[in-house]
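This report concerns only the one structure given below.
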Amino acid sequence: MRYSRNILVEELGEAGQERLFASSVLVVGAGGLGSPALLYLAAAGIGRIGVIDDDRVDITNFNRQVIHRSDAVGKWKADSAAAALRAIRADLAVETYPEALTAANAAALFRKYDAVVDGSDNFPTKYLCNDAAVVTGRPLVHAGVLRFGGQMLTVVPGAGPCLRCVIPRIPARKDSPGCAEAGIVGAAAGVVGAWQAMEAIKLLSFAAPSTGGRLLTIDTLSNEVSSLTVVRDRACPACGEHPRITEPLSAAEYDPERRCAV
């Protein structure tokens with residue numbers, strides 16, 4: 001009965017719901033994007049969810065990080081998020097990692113899950129997510145948000161392009177202002193994070209199998225949504241014919257200084 005409204009959707013049905021029960025998702029970051037993504041993944045019936053975040057809950061988070069309660073200030077975000085998920089689904093298996101995603105742990109961690117949602121707050125971690133997804137063959141739903149909107153790209157390794165096909169190198173810090181400088185309206189993060197959850201649900205349930213390759217841009221201020229086709233780059237350093245980035249991933253590839261605390 002709990003999932004009856006899901007099952008009524010023709011493209012999902014009982015078979016799709018059973019696939020969701022049997023599936024697992026890792027969410028990188030329990031912040032503005034991770035909060036709605038985690039809540040909707042749990043509500044959809046995903047069987048096992050992992051949460052990795054090395055940050056603690058802060059009062060400045062509450063305009064957008066809706067999974068955390070006001071009494072969670074000072075707690076690990078991974079633990080706070082897990083408590084919220086268990087409160088709405090007692091049968092949910094939640095695994096927490098109150099630590100940073102690094103070149104040393106990313107590939108092994110990704111292999112434990114069927115799909116990954118990238119709710120990270122900085123470009124080095126986003127590129128690390130991309131590269132770990134490519135080398136492990138795990139589908140990945142990227143997104144980033146700022147001010148009134150954001151962008152999203154689904155990466156299906158072996159079937160479509162990756163983030164480095166769009167921008168081969170990590171952008172310089174001066175060219176990528178974060179929310180601490182430019183701000184973020186919480187509801188915009190909610191829209192994009194929920195859309196990330198929808199992408200993962202479609203992939204895992206086979207409701208709409210995807211090869212990725214669509215860069216979605218959402219502007220909630222103008223109410224405009226655009227979709228750009230991304231072509232796989234044969235010279236891509238991660239997913240190209242002769243990749244430079246392979247296992248083991250190198251820590252030197254990912255500069256940890258570009259953060260904005262989304």
Open item on the list: Just by distance, no angles: are the side chains of R111 and T136 close enough, under 3.5 Å, to form a donor-acceptor pair?
Closed with: no

Open item on the list: Could you walk me through whether I245 and V134 satisfy the side-chain contact (heavy atoms from CB on, under 4.5 Å) test, starting with their C-alpha distance in whole Å, then the side-chain angles of each, then the deciding distance to 0.1 Å, before giving a yes or no?
Closed with: CA-CA 9 Å; I245 297 168; V134 171; over 6 Å; no

TODO: Nearest 0.5 Å please: distance from the CG atom of L128 over to the CG atom of L101.
DONE: 4.5 Å

Task: Heavy-atom check, side chain of L39 versus side chain of V66, under 4.5 Å - done: yes

Open item on the list: A side-chain contact here means heavy atoms from C-beta on lying under 4.5 Å apart; do L26 and L109 qualify?
Closed with: yes

TODO: Indicate, with yes or no, if L41 and V9 share a hydrophobic cluster defined by side-chain heavy-atom contacts under 4.5 Å among Ile, Leu, Val, Met, Phe, Trp and Tyr.
DONE: yes

Task: Point-to-point distance, once rounded to the nearest 0.5 Å, from CG of N105 to CG of L249 - done: 10.0 Å

Open item on the list: Under 4.5 Å between side-chain heavy atoms, counting indirect links through other Ile/Leu/Val/Met/Phe/Trp/Tyr residues: same cluster for V192 and L216 or not?
Closed with: yes

Open item on the list: Does L8 have more than 12 heavy atoms from other residues, nucleotides or ligands lying within 6.0 Å of its CG?
Closed with: yes

- [ ] May I ask you to test the L85-I67 pair for a side-chain heavy-atom distance under 4.5 Å?
- [x] yes

Open item on the list: Quiz question: by atom type and distance under 3.5 Å, do the side chains of Y254 and D131 form a donor-acceptor pair?
Closed with: yes

Task: Shared hydrophobic cluster, M198 / V27 (ILVMFWY, side-chain heavy atoms < 4.5 Å) - done: yes

- [ ] Kindly give the heavy-atom pair with the smallest separation between G119 and L33, and that separation in Å.
- [x] CA-CB, 3.9 Å

Task: Under 3.5 Å: donor-acceptor pair, side chain of S80, backbone of W76 - done: no

Task: Euclidean distance, L140 CG relative to C162 SG, rounded to 0.5 Å - done: 9.5 Å

- [ ] Without swapping roles, check the side chain of R138 against the backbone of V116 for a donor-acceptor pair under 3.5 Å.
- [x] no

- [ ] Answer yes or no: is there a side-chain heavy-atom contact under 4.5 Å between E99 and I52?
- [x] yes

Task: Which atom of G31 lies closest to which atom of P36, heavy atoms considered - done: O-CD, 4.4 Å

TODO: Mark yes or no for whether R164, through its side chain, and A238, through its backbone, hold a donor-acceptor pair below 3.5 Å.
DONE: no

Task: Inter-residue atom distance I201.CD1 - F206.CZ, 0.5 Å rounding - done: 14.5 Å

Open item on the list: Taking A143's backbone N and O only, do any of them form a donor-acceptor pair with K126's side chain (distance below 3.5 Å, no angle check)?
Closed with: yes

TODO: Please check if the side chain of S4 supplies one atom and the backbone of M1 the other of a donor-acceptor pair under 3.5 Å.
DONE: yes

TODO: For the pair Q196 (side chain) and V141 (backbone), establish whether a donor and an acceptor sit closer than 3.5 Å, ignoring hydrogens and angles.
DONE: yes

TODO: Would you check if the side chain of D118 reaches a backbone N or O of T125 as a donor-acceptor pair within less than 3.5 Å?
DONE: no

Open item on the list: In this structure, would V117 and I88 fall into the same cluster of hydrophobic residues linked by side-chain contacts under 4.5 Å?
Closed with: yes

Open item on the list: Looking at every heavy atom in both F110 and C129, which two are closest together, and how far apart are they?
Closed with: CE2-O, 3.4 Å

TODO: Could you tell me which non-hydrogen atom of A132 sits nearest to which non-hydrogen atom of A106, and how far apart they are?
DONE: CB-CB, 3.8 Å

- [ ] Look at E253 together with R244 and state whether they make a salt bridge at an N to O cut-off of under 4.0 Å.
- [x] yes

Task: Considering all heavy atoms, the nearest A42-L92 contact - done: CB-CD2, 3.9 Å

Task: Closest approach of G212 to V156 (non-hydrogen atoms, all atoms of both residues) - done: N-CG2, 3.8 Å

Task: Check: Y127 side chain, R169 main-chain N or O, donor-acceptor pair, under 3.5 Å - done: yes

Task: Under 3.5 Å: donor-acceptor pair, side chain of K75, backbone of V57 - done: no

- [ ] For atom OH of Y3, decide whether the heavy atoms of other residues, nucleotides or ligands shown that lie under 6.0 angstrom number more than 12.
- [x] yes

Task: Heavy-atom side-chain contact between N130 and H142 under 4.5 Å - done: yes

- [ ] Please answer whether the main-chain N or O of S24 pairs with a side-chain N or O of D114 as donor and acceptor at a distance below 3.5 Å.
- [x] yes

Open item on the list: Return the CG to SG distance between L215 and C165, rounded to the nearest 0.5 Å.
Closed with: 12.0 Å

Open item on the list: As an exercise, state the distance from CZ of R214 to CG of L228, rounded to the nearest 0.5 Å.
Closed with: 7.5 Å

Open item on the list: Hydrophobic clusters here meaning ILVMFWY residues chained together by side-chain heavy-atom distances under 4.5 Å, can you tell me if Y40 and I49 are in one?
Closed with: no

Task: Residue from D53, D54, D55, T96 passing side chain to side chain donor-acceptor pair (under 3.5 Å) with K77 - done: D55

TODO: Report yes if the side chains of R89 and R2 come closer than 4.5 Å at any heavy-atom pair, otherwise no.
DONE: yes

